[in-house]
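We use all heavy atoms of the structure for the numbers below, so side chains are in, but hydrogens, waters and symmetry mates are not. Proteins get letters first, then strands, A, B, ... in listed order; numbering begins at 1 in each. This structure is a prediction, so every number in the text was calculated from the model and none was measured.
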Amino acid sequence: NDIYNMLIRLHSRHNRADQARGLFFEMQEWRLKPDADTYNALINAHGRAGQWRWAMNIMDDMLRAAIPPSRSTYNNVISACGSSGRWKEALEACKRMTDNGVGPDLVTHNIVLSALKKGSQYLKALSYFELMKRRGISADAVTLNIVINCLVKLGQYAKALDVFNSMREKRGECAPDIVTFTSVLHAYSVCGQVDNCKAIFDMMLSEGLKPNMISYNALIGAYASHGMHAEAFSVFNTLKKSGFRPDVVSYTSLINAYGRSGKPEKAQEIFDMMKGSSCKPNIVSYNALIDAYGSEGKLAEALNVLREMERGGIQPD
RNA sequence: GCGUUUCUUUAUAUUCGC
């Protein structure tokens, strides 16, 4: 049983909801009874796939099987609504949870906040956070990271930095983590302060936090969006030297760095490098390269890339 | 009673309009 639960979780992580569902039926053919963990994992799998209705139906099945939904079950359902962009349904599910006598925990509140953020309801997210404070619910780093990102989306950079600085003072549960630093780095990029992106990155290092792919990619992206291809390329190399394999985001950011610097042939070079790697270009990579040519008026080359993309079986959007 | 562990939540890439 536990093995099936693990396998379903594995499919969930890889966004294979149908495979997860297959296992769910397969285990029952072996006369294994799905337990709460099974249902939770299955709900999670559908949530990640944006199938919030399925997620809800599975919870109903659970009730029919006389397995009471746990806090994790509700959290998974609320999260399923959130990742499908259904913030209203997320709030309703949260209310239903309370009505059914299952109290929300901090994770629940964080899931609601992120559902509001995914639904672009940044102001609502901030009011929800204020409500949490008034109720004496103490936030953790995840909470504050979401708040920072909502403030950035609203263009309230100074307030975002205030939250960041309060996290640095408080430490403990609220100590800035790698997500915090990456968010602040991105905030500086969005408001045009590239130098501070590097400063934040270095601060993260001096705090003893190890950068991951996402933080490297964020720095590459910051340089890229400001047309600083040399700096972007240098971070790309540092990433590789640190033992990471650049992913599709790393490559696409670098393509964009050259595109924005008016160097489509360099962008093409990186694109070819990506094809020679284990990482396949996706539609965003193709779009970045097409735009690199297009913005330099090289329409024939741009069309060539478009044709190559279609030959590769990717539909233009 | 205390601690440890498991599960659920947050950060990065392309174009265009307001």
**Prompt:** More than 12 non-hydrogen atoms from neighbouring residues, nucleotides or ligands closer than 6.0 Å to NZ on A/Lys275, yes or no?
**Reply:** yes

**Prompt:** Which heavy atom of A/Pro211 sits nearest a heavy atom of A/Leu205, and at what distance?
**Reply:** CD-CD2, 3.5 Å

**Request:** Look at the rings of A/His46 and A/Trp54 and say which category their plane angle falls in: under 30° parallel, 30 to 60° tilted, over 60° perpendicular.
**Result:** parallel

**Asked** Angle class for the A/Tyr128/A/His109 ring planes (parallel below 30°, perpendicular above 60°, tilted otherwise)?
**Response**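 Taking A/His109 first and then A/Tyr128, their aromatic rings sit tilted (interplane angle of 30° to 60°).
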
**Message:** With a cut-off of less than 4.0 Å, is there a side-chain N or O of A/Arg48 near OP1 or OP2 of B/U9?
**Reply:** yes

**Asked** Tell me, for nucleotides 10-18 of chain B in 5' to 3' order, what letter each nucleotide earns: B for a base near a protein heavy atom under 4.0 Å, S for only sugar-phosphate near one, - for neither?
**Response** BBBBBS---

**Asked** Can you check whether A/Leu131 reaches A/Arg135 side chain to side chain, under 4.5 Å on heavy atoms?
**Response**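 Counting from C-beta outward, A/Leu131 and A/Arg135 do come under 4.5 Å.
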
**Sidechain N-carboxylate O distance under 4.0 Å for A/Asp247, A/Arg245** = no

**Message:** If the test is side-chain hydrogen bond (donor to acceptor under 3.5 Å, both in side chains), which one of A/Asn40, A/Asn100, A/Thr108 qualifies with A/Tyr74?
**Reply:**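 Exactly one pass, corresponding to A/Asn100.
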
Could you give the side-chain donor-acceptor pairs of residues 149-160 of chain A under 3.5 Å, partners two or more places apart or in another chain?
unit_1: A/Asn149; atom_1: ND2; unit_2: A/Asn145; atom_2: O; d: 2.8
unit_1: A/Asn149; atom_1: ND2; unit_2: A/Ser183; atom_2: OG; d: 3.1

Dump every N/O contact between nucleotides 3-7 of chain B and the protein below 3.5 Å, one line per pair.
unit_1: B/C7; atom_1: O2; unit_2: A/Ser72; atom_2: OG; d: 3.0

